[in-house]
Amino acid sequence: MISVFALPAPALCEEATEEARVGVAQMRPGEKKEKDDAPKAKSLGKDVAGVFVNASVSDSGYSPGFVMRGFPGGLTLFDGAAHGFTSQEVNLSTVDHVEFYKGPSAMLFGKALGGYGGSANYIRKAPTTETFARGTATIGAYDVYRTTFDVNAPLNDAQTLLFRMTGFAQSVGSFVDYVRSRGFLIAPTGTLIFDNGDKATLRAEYSASRLVYRDGAPAAPIFLHAPRSLYAGAPVYEHEKPNAADFTFTYEHAFDADWSLTSVVDYSLNGNEYGWFQGWGYDGLHSVTLGRPVRTHQASRSFDAQLRLNGRFSTGDIGHSVFLGLEHWDYFFGHDEKFARDTLPNIDIGAPIYPLGVDFFGAQWANGAARAWSRSVYAQDLVDLSPQWRILFGGRYDLLAQRETVFDPLGALSGTSSSTLGKGIRGYFSPRAGLLYRPDDETHVFAAFGRSLIPNISVRVRGGDAPPPQQDTQYEIGFERRFPDYKARFEVGLFDVTRDHVAIADPADPGGFYALVTGRQHSHGVEFHLSAEILPGLNASGAATFLHAVVAKDSNVPSQAGSDLLGAPRRVFSVSLDYKPEWDFLRGLELGASYYYASAAEATLPNVYGFTLTPQQMLGASLGYRFDEHWKLDVSASNLTDRPNFTSGGALFRGEPRSISATVSFKY
């Protein structure tokens, strides 16, 4: 399939995977995906070493969140570019496949990736020269009803004007009382191919949904034994109305076989209205505390423009694959809050009585806006010293500016009456380098080093200056061996990541409005991946991660030093089997089984002795049958043993119980 954006990695070397070995991108190893299949939320990322799905995974049309090498996934990337310095919800119906960036990776491309823990890069469906119409209809446990469509067609006989439209509609309930959502998305894309081979692509996307938000439960041991249907909030109040629009224009020009230029302009808008509580937590006895209700309206705008040049040339016997880029990015975020004067009553865990409404008579208010922009230049050179040796070196320079205003005359948000202004412009250089050794075509050894930055957006420090960004430094070495005769591949990697300038609460501000940027976090570990065809038609894949991710320094809460990071279990294993019988009378049948394990993880920071989440274990199975070239049925079951798997991100979330879903797919 043709991608909307040409990702830089394939342009830098003859095989994209070679670029991965020196730390640019690590794609989904061992993923088994048919051409027409979209990624599935319940399995995405579970077969990738170094990735932990720190989310209550359900049968949803949206991607879960990830923790990579001990750190929460950074920016959300679409076709290699970010829409701001924050993560975004991704509808998988628009996605062709997913790549996972880890290690000293593509911070050069589309700005810093949110740190060297890693990021997910969602490659969206793009127009092709085929003519087809595809669709799915899914029904599943907990009132899951979902439909998707994907229509593609050339609009002229010369196949120079291409069009594709994807769409989605979903209604989903939950095993948690009152939690539900419904929404839709539509995404048309057009591509014009000129006589000289230039290509212009315009993509638009609009989505909207309505939902009752799931708070999870406060991080206290009693909630590990609370009824799984408990809703720890006020359902009549905690509804959301997110909506988003995005427009992307791409122009690609090839000067010759070696040099090409790509320009990308992206503009996105997001809005939402939601409720939350000042004082949500646990009373230490038997109730959830809610405190004062707050209603927030927020909106954000992101503009990103990039110019990318890549090419090849030689100096004597040494080959060079170079990449140069310029970027301008501008992000704006606005919010206003309305604070009820009275607190809501507590909710008894055993016999919950929920508030019937919220009174905002005489409410207090606050509002604010934040803006950040960056102007950046990035470059790298992948040098072929010989058939066995390659080196990579490059860097990125970001001129970053931040400004924030907060108007809070009643002190409802900050705790004190305040009108604050934060501003600043600073420059940062992020280097990276790598070395690749290939003694033969099947064996690769690499070492890599890199540094990145993550802006501390909406972090307020006393004095009015913009806070310095987080900065990650990572070292990595790895080995890969392929066994073509057995269709097998083995990979191992060792990594060490240090994150500096982590924002922590200012001890002089009990309300948490101001922060200090002095924290440090550290993660190190080893990753393994093995895949093979062990019998004709039977493919096996296994991944394992061993890591230790901790708080290395926290001047505000010294007791946090040495605590394991949330969402960072020390051991994660996954095994999957996929079987497609080769006998004629069973042709079209597909069988699958998977097992996922994550060791006990900490539930709070600082870690509380004796309060850990039990290991996660998830057993899954799938059965598919393709009736003909047009119709296919897939049935999948997850968490067959019905384990109460928990995750924690400051609040506790119980994973979905045993569930089953069926999907009918068609293509014409």
Side-chain angles (χ1 to χ4, degrees), residues 1 33-44 57-64 78 88-98 122-128 130-153 163-175 179-190 203-212 214 239-246 588 590 592 620 622-638 656 659-668:
M1 294 187 177
K33 172 185 177 294
E34 288 196 6
K35 180 180 179 182
D36 300 340
D37 288 345
K40 295 178 175 60
K42 290 197 291 186
S43 58
L44 185 59
V57 177
S58 60
D59 190 354
S60 168
Y62 293 89
S63 174
F78 298 95
Q88 292 176 256
E89 193 172 51
V90 181
N91 189 302
L92 294 174
S93 69
T94 67
V95 175
D96 179 79
H97 64 280
V98 183
Y122 299 87
I123 307 301
R124 298 180 291 192
K125 297 174 180 177
T128 74
E130 297 179 80
T131 299
F132 61 78
R134 300 172 183 155
T136 67
T138 300
I139 183 171
Y142 310 110
D143 298 323
V144 172
Y145 301 96
R146 179 168 56 251
T147 61
T148 69
F149 69 86
D150 182 2
V151 178
N152 187 92
F163 177 77
R164 187 168 188 173
M165 179 178 289
T166 56
F168 162 98
Q170 174 177 274
S171 175
V172 178
S174 174
F175 63 94
V179 173
R180 63 188 183 276
S181 67
R182 65 183 190 276
F184 74 93
L185 175 145
I186 187 167
T189 306
R203 185 183 190 279
E205 179 179 311
Y206 178 75
S207 63
S209 59
R210 299 291 183 269
L211 58 95
V212 175
R214 179 183 171 193
H239 53 273
E240 296 193 21
K241 303 175 182 178
N243 58 87
D246 181 75
E590 301 174 11
S622 63
L623 182 150
Y625 187 77
R626 183 172 292 282
F627 299 95
D628 54 35
E629 61 179 334
H630 302 297
W631 293 92
K632 183 183 179 184
L633 173 66
D634 288 289
V635 179
S636 64
S638 62
E656 188 171 81
S659 64
I660 185 171
S661 63
T663 298
V664 175
S665 307
F666 71 87
K667 175 184 177 181
Y668 284 95

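Predicted model only: the values in this text are computed from it and were never measured. Below, all heavy atoms of this structure are taken into account, side chains as well, without hydrogens, waters or symmetry copies.
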Which residues satisfy the ring-ring contact (aromatic ring centres under 6.0 Å, His included) test with [X], sequence neighbours excluded?
X    : answer
F666 : W631
H630 : Y668
Y145 : none
F163 : none

Can you list everything that forms a side-chain hydrogen bond (donor to acceptor under 3.5 Å, both in side chains) with [X]? Sequence neighbours excluded, please.
X    : result
S207 : none
S63  : Y122
S636 : S661

| Atom of S60, atom of A41 and distance for their closest heavy-atom approach |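 In terms of heavy atoms, the two residues are closest at O-CB, 3.3 Å.
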| field | Atom of P127, atom of T189 and distance for their closest heavy-atom approach | value |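 Nearest pair, atom of P127 first, then T189: CD-CG2, 3.5 Å.
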When you measure from the side chain of [X] to the backbone N and O of [Y], does any donor-acceptor pair fall under 3.5 Å?
X    : Y    : result
K125 : S93  : yes
N152 : E130 : yes
R164 : A126 : yes

Approximate separation, where rounding is to 0.5 Å, of [X] [atom1] and [Y] [atom2]:
X    : Y    : atom1 : atom2 : result
E205 : R124 : CD    : CZ    : 6.5 Å
L44  : Y62  : CG    : OH    : 15.5 Å
D246 : Y206 : CG    : OH    : 13.5 Å
T94  : R203 : OG1   : CZ    : 5.5 Å
R626 : E590 : CZ    : CD    : 7.0 Å

Do [X] and [Y] touch side chain to side chain, with heavy atoms closer than 4.5 Å?
X    : Y    : answer
V98  : V90  : no
S209 : Q170 : no
V635 : I660 : yes
D150 : F132 : yes

For residues 180-188, which side-chain N or O atoms pair as donor and acceptor with protein atoms under 3.5 Å away, sequence neighbours left out?
from : atom 1 : to   : atom 2 : distance (Å)
R180 : NH1    : Y178 : O      : 3.1

| request: List for me each residue that meets side-chain contact (heavy atoms from CB on, under 4.5 Å) alongside S659, sequence neighbours excluded, and say none if there are none. | output: K42, A141, Y142, S638, E656
| field | From T147, T663, V664, residue fulfilling side chain to side chain contact (heavy atoms under 4.5 Å, CB included) relative to T138 | value | T663
| message | Looking at D634 and K40, is there a salt bridge between them, counting it only when a charged N and a carboxylate O are closer than 4.0 Å? | response |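 No, no charged N to carboxylate O under 4.0 Å.
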